[in-house]
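Values below: all heavy atoms of this structure, side chains included; hydrogens, waters and symmetry mates excluded.
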Amino acid sequence: MTEAPYYPMQRESRCPFAPAPEVRAMPPVARVRIWDDSTPWFITRHADQRALLNDPRLSIDEKLDGYPHMTAGRAAAAPHIPSLITNTDPPEHTRLRRTVNGPFMVKRVEALRPRILEVIGSLVDEMLAGPNPADLVQAIGLPVPTLVITQILGVPYADHKFFQESSSKAISHETAPEEAAAAGQALGAYLSDLLVAKMADPADDVLSEMGQRVKAGEMSHAEAVTMGSAILIAGHETSASMISLGTLALLTNPDQLALLRENSDDPKFVSAAVEEILRYLTIVHTGVRRIAVEDIELHGETIRAGDGVIFDLSGANWDPAEFPEPDRLDLTRAARSHHAFGYGVHQCLGQSLARVELQVVYGTLYRRIPTLALAVPADQVEFAMEGVAYGLKSLPVTW
């Protein structure tokens, strides 16, 4: 076997939308080397991911020996993390998901659409009244999903600087294990105090619902706190990245931006456009990770029980067998089969919320500001690559 290439194989720093050339040149299943010098299997094809991400011979239990952790910090923390929907297999995963699934179901998320419209409308007004140029990351990208997820979870928006900084440190590849642990503990302590308050005085939010389940013995206090942390981090980090990155992708593909602006009053077109932008960007760039609990034969290779497996989502979303001409951003493409949210039972809990947020933002922002343009050359836009999802450090725009 040839020497396994190192993973993550960085995308181009100035235009990271495409998978790294090494990924696109790889066979469907091959070994890669990760930070701890282990060599898990690497799966890049759409059809293979569809089959294996629903295969019970693969486990998401990160406490198992040989699990291909993303970072040294995550590996150090794994033995001490309570059971979550992100690290358990059915039936335990099914039980835990049921405790938080309600607020993220389609009907309840759709009921938030008017509120999200109010949020984006107010933020656009503020941006237009403020300095020009502006940083879209700070003006729109971060505030929209943060305002929404804090309302759903029951966390005061006034504390957003604290939890944004804590979550960034906790999940960054560049954070030392002890610093990541400290950030995670600080966020956990904050949410633990808030959970206790919600148990005494419940409101209409997820923390209050989990608090009542803790009181009923349906989940532990530690599970509720860790679940709250995961929802808070995922609920603002990824959508914030998608808003700014999607805007950059559209501004550098003006024909597609014009198409979206022309059809911004057509919900079906905007919905389909969101799916294509999700496919094209695939912002979770650290791979979906599993460990084999039984032997699996795939394309002439044997994945042995105990072997780690990494699914490269961008490989699947840029697989020409599923998406012809994947390099082309095409808002008329039928892209709903993408894996931007993963696939199978562990598919992203908040995907319905993310879709509605992006539909509202993409359907509103470019219509409200038809002259929106980059304030710097595209090759000067700085990318943030250190997290689970990549994003932008800033996006200077003018109008």
Side-chain angles (χ1 to χ4, degrees), residues 1-2 4-9 19 23 26-71 74-75 77-79 81-99 101 223 226-227 230 234 282 284-319 321-322 337-349 351 388:
M1 181 181 292
T2 58
Y6 182 72
Y7 178 82
M9 289 163 279
V23 172
M26 287 180 72
V29 55
R31 295 274 195 177
V32 293
R33 190 172 303 278
I34 60 174
W35 61 272
D36 62 354
D37 216 33
S38 63
T39 53
W41 294 97
F42 195 67
I43 312 296
T44 59
R45 302 298 190 264
H46 188 276
D48 294 334
Q49 292 190 15
R50 285 257 153 163
L52 291 178
L53 284 171
N54 264 332
D55 194 320
R57 293 175 296 176
L58 288 171
S59 171
I60 201 172
D61 185 354
E62 59 184 317
K63 294 179 173 66
L64 295 177
D65 187 36
Y67 189 91
H69 295 284
M70 283 185 285
T71 65
R74 187 67 184 183
I81 296 175
S83 297
L84 290 166
I85 57 175
T86 55
N87 65 6
T88 54
D89 302 311
E92 180 67 356
H93 168 267
T94 308
R95 178 187 73 82
L96 289 168
R97 186 147 182 153
R98 191 179 299 121
T99 65
N101 200 43
E223 285 175 341
T226 311
M227 194 87 75
T282 316
V284 175
H285 67 145
T286 49
V288 167
R289 284 132 195 273
R290 300 288 189 271
I291 184 169
V293 292
E294 295 181 34
D295 290 358
I296 300 172
E297 299 292 331
L298 184 66
H299 298 297
E301 301 282 4
T302 302
I303 300 171
R304 301 289 182 189
D307 286 351
V309 181
I310 298 175
F311 296 88
D312 184 72
L313 301 179
S314 64
N317 286 348
W318 285 58
D319 183 348
E322 180 70 17
S337 63
H338 65 76
H339 289 175
F341 294 115
Y343 186 71
V345 296
H346 289 95
Q347 202 168 23
C348 175
L349 171 69
Q351 61 180 294
V388 173

Enquirer: Using modelled atom types only, decide if a donor and an acceptor are shared between the side chain of R289 and the backbone of P68 within a distance under 3.5 Å.
Expert: yes
Enquirer: Any chance you could measure N101, atom CG, to T94, atom OG1, to the nearest 0.5 Å?
Expert: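 If I round to the nearest 0.5 Å, the distance is 10.5 Å.
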Enquirer: To the nearest 0.5 Å, what is the distance between CD1 (I43) and CG (L52)?
Expert: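 Going from the CD1 atom of I43 to the CG atom of L52 covers 6.0 Å.
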Enquirer: Within this structure, what is the CG-CD distance for the pair L58 and E294, rounded to the nearest 0.5 Å?
Expert: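 Separation between the atoms: 9.5 Å.
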Enquirer: State, with a plain yes or no, whether a side-chain heavy atom of E301 is found less than 4.5 Å away from one of P28.
Expert: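 No - every pair of side-chain heavy atoms lies 4.5 Å or more apart.
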Enquirer: Who are the side chain to side chain contact (heavy atoms under 4.5 Å, CB included) partners of D36, not counting sequence neighbours?
Expert: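 In terms of side chain to side chain contact (heavy atoms under 4.5 Å, CB included), with neighbours along the sequence ignored, D36 is linked to I34, S38.
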Enquirer: Return the minimal non-hydrogen interatomic distance between S337 and R50, and the atom names on each side.
Expert: O-NH2, 2.9 Å
Enquirer: Could you tell me if the side chain of H346 sits less than 4.5 Å from the side chain of I85, heavy atoms only?
Expert: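 Side-chain contact under 4.5 Å: no.
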Enquirer: H339 vs H46 aromatic rings, parallel, tilted or perpendicular, using cut-offs 30° and 60°?
Expert: parallel
Enquirer: Indicate the atoms forming the closest heavy-atom contact of I303 with A292, along with that distance.
Expert: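 Scanning both residues, the minimum pair turns out to be CG2-CB, 3.9 Å.
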Enquirer: M26 and A30: which non-hydrogen atoms are nearest, and at how many Å?
Expert: CE-CB, 3.6 Å
Enquirer: With rounding to the nearest 0.5 Å, note down the distance linking CD1 in I291 to CG in D65.
Expert: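 The distance works out to 7.0 Å.
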Enquirer: Begin from the C-alpha positions of I81 and R74 and carry the test side-chain contact (heavy atoms from CB on, under 4.5 Å) through to its verdict.
Expert: CA-CA 10 Å; I81 296 175; R74 187 67 184 183; 3.6 Å; yes
Enquirer: Answer yes or no: is there a side-chain heavy-atom contact under 4.5 Å between R97 and V345?
Expert: no
Enquirer: Any side-chain heavy atom of D37 sitting closer than 4.5 Å to one from R33?
Expert: yes
Enquirer: Is the shortest side-chain heavy-atom distance between D61 and Y67 below 4.5 Å?
Expert: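 Sidechains of Y67 and D61: no contact.
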Enquirer: Does the pair E223/R95 count as a salt bridge with the N-to-O cut at 4.0 Å?
Expert: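 Yes, this pair counts.
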Enquirer: Quick one: side chain to side chain donor-acceptor pair (under 3.5 Å) partners of S59, sequence neighbours excluded?
Expert: D89
Enquirer: How long is the gap from NZ on K63 to OG1 on T88, to the nearest 0.5 Å?
Expert: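 The distance works out to 9.0 Å.
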Enquirer: Between R290 (side chain) and V309 (backbone), is there a donor-acceptor pair under 3.5 Å?
Expert: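 Not confirmed, R290 side chain does not pair with V309 backbone.
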Enquirer: Give a yes or no on whether the backbone of H338 and the side-chain of E322 come within a donor-acceptor separation of less than 3.5 Å.
Expert: no
Enquirer: Under 4.5 Å between any side-chain heavy atoms of Y343 and Q49, yes or no?
Expert: no
Enquirer: Do W41 and R31 have side chains that approach each other closer than 4.5 Å (heavy atoms only, starting at C-beta)?
Expert: yes
Enquirer: Check whether any side-chain heavy atom of V284 lies under 4.5 Å from a side-chain heavy atom of T286, and answer yes or no.
Expert: yes
Enquirer: How far does CH2 of W318 sit from OG1 of T44, to the nearest 0.5 angstrom?
Expert: 14.5 Å
